[in-house]
2 protein chains.
Amino acid sequence: MILKSQVEWALHCCAILAGLPEGRYLSTKALAELHGLPKEYLSKALQSLSQASLVETTLGPSGGYRLAKTPSDINFLEIVEAVEGKARSFTCTNIRANNPCRPQGYCDSKPCAVARIMWEADEAWRDTLRRVRLSDLVGTLSEEVPADIWRSTFEWVLKRAG
Amino acid sequence: MILKSQVEWALHCCAILAGLPEGRYLSTKALAELHGLPKEYLSKALQSLSQASLVETTLGPSGGYRLAKTPSDINFLEIVEAVEGKARSFTCTNIRANNPCRPQGYCDSKPCAVARIMWEADEAWRDTLRRVRLSDLVGTLSEEVPADIWRSTFEWVLKRAG
DNA sequence: CGGTTTTCGGATATGATATGTCCTTAATTC
DNA sequence: GAATTAAGGACATATCATATCCGAAAACCG
Ligand code: FES
Ligand code: FES
């Protein structure tokens, strides 16, 4: 069970977009260059964010992406699910139904106990992500990233934001 | 991010083995037949359980698997990690290091903020699984599975247990 | 002892999914 | 009209999950 690397990409990109001034857009090209990622493929991740209505886009030169909501209104789960999908990590294939001791045509009333436990764990994972806002990440980053790097990155981005 | 189906298989098999009388073994063949699974491939999952010291084996006719510990001493996380591995679901590929604004040779002191949050969620998932014991599952099953099916399954297993 | 049954591990094949590239279309800016 | 951009489809490649097969070693049974 491994998350795709697009999840990391999306989170980093959202963190950058969160620092963008009101009304400005940042292109895929800039985001790819900033993170050292293949532009074409990163584009797929950004499209996922767009389809999830987490970011807005505009075309043409000076086009690109910006957040569709305030950073404090976006949580980690939204971003993760946008690229990873909302499907649960555990799927019950109902192998209990293959038990040869079962009467013909017997039908289970509840989802099985095994799946319920695995889904509970899945929900705990999602709950944790749901509780962390994008603004929390930006806050942590602004404390931890050395001030000069933080500032020069911001300038680098502004220079390319349309 | 999707768990392999072997996880489900291992959990179901452990639940069955938990009902086995002291000192008896159940073969892969019986477990595969009971759950309608490919014997050869299920064998791989059981080998994983064996390598994790969750089950003990013996060879020859009347050989097979039995639990290595009491059901109340085995938790879900042990079983899941045995077949799924202990690696975290999120891997930080350190793309922050590609930031062109960084000074040459700059080295990060901490794991990055993004990864820490994702790992926290991963830990919440593991914590939930760690808290559920195999004996809890057996207890739930014995309440929910209709008594006649429960009993006949038990007899079916005993007839094949060496 | 010899034949059977079992686990174990390696080798191999197949299918699905993640990753990555390329190209076309439509919208926007200048 | 030319340049730039997101969107999305087609395609190629790599990795991993799934599945099967085989040989070796151990245990049981006659
Ligand atoms: S029958 Fe296996 S998890 Fe539901
Ligand atoms: S640098 Fe991306 S998660 Fe650590």
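Order of the sequence lines fixes the chain letters, A, B, ..., with proteins taken first and strands second; residue numbering starts at 1 for each chain.
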Worksheet, complete the sentence: Sequence neighbours excluded, the answer for side-chain hydrogen bond (donor to acceptor under 3.5 Å, both in side chains) partners of A/Asp108 is A/Arg96, A/Arg102

Worksheet item: Is B/Cys13 close to B/Leu42 at the side-chain level, that is, under 4.5 Å between some pair of heavy atoms?
Response: yes

Worksheet item: Tell me, which of residues 12-31 of chain A have any heavy atom that sits under 4.0 Å from an atom in DNA chain C?
Response: none

Fill in: side chain to side chain donor-acceptor pair (under 3.5 Å) assessment of B/Gln6 paired with B/Ser48
CA-CA 10 Å; B/Gln6 292 213 359; B/Ser48 298; 4.9 Å; no

Discussion item. Salt bridge check, A/Arg133 against A/Asp136: does any charged N sit closer than 4.0 Å to a carboxylate O?
Written reply: yes

Worksheet entry | Residue pair A/Asn75 / A/Leu134, side-chain heavy-atom distance below 4.5 Å | no

Worksheet item: How would you label the contact of B/Gly64 with the nucleic acid (heavy atoms, under 4.0 Å): base, sugar-phosphate, or nothing?
Response: sugar-phosphate

Practice prompt. Give the rounded distance in Å between these two atoms: NZ of A/Lys39 and C1' of C/dT19.
Written response: 17 Å

Discussion item. Rounding to an integer number of Å, can you tell me how far A/Tyr41 OH sits from D/dC11 C1'?
Written reply: 14 Å

Worksheet entry | B/Glu120 bridged to B/Arg116 by N-O distance under 4.0 Å | no

Worksheet entry | Salt-bridge contact A/Glu81-A/Arg126 (side-chain N to carboxylate O under 4.0 Å) | yes

Worksheet entry | Separation of D/dC16 C1' from B/Gln6 CD (nearest whole Å) | 12 Å

Item to complete: Mark up nucleotides 8-14 of chain C, 5' to 3', with B wherever a protein heavy atom is under 4.0 angstrom from a base atom, S wherever such an atom reaches only the sugar-phosphate, and - elsewhere.
Response: BBB----

Discussion item. Determine whether B/Thr140 and B/Glu144 satisfy the following criterion, side chain to side chain donor-acceptor pair (under 3.5 Å), listing intermediate values before the conclusion.
Written reply: CA-CA 6 Å; B/Thr140 307; B/Glu144 291 186 358; 5.9 Å; no

Worksheet item: Roughly, in whole Å, what's the span from CG in B/Leu3 to C1' in D/dC16?
Response: 14 Å

Worksheet item: On DNA chain C, nearest-nucleotide positions of A/Pro38 versus A/Ser62: which is more 5'?
Response: A/Pro38

Worksheet item: Once you round it to whole Å, what is the distance between C1' of D/dT20 and CG of B/Leu42?
Response: 14 Å

Discussion item. Within a 6.0 Å radius of atom NZ on B/Lys69, are there more than 12 heavy atoms belonging to other residues, nucleotides or ligands?
Written reply: yes

Worksheet entry | Whole-Å distance separating the CD1 atom of A/Ile2 from the C1' atom of D/dC16 | 12 Å

Item to complete: Could you tell me whether the phosphate oxygens of C/dT19, OP1 or OP2, come under 4.0 Å of any side-chain nitrogen or oxygen in A/Ser5?
Response: yes

Worksheet entry | Rounded interatomic separation in angstrom, taking CD from B/Glu84 and P from D/dC16 | 12 Å

Response to the item:
B/Arg66 CZ to D/dA27 P, in whole Å, measures 13 Å

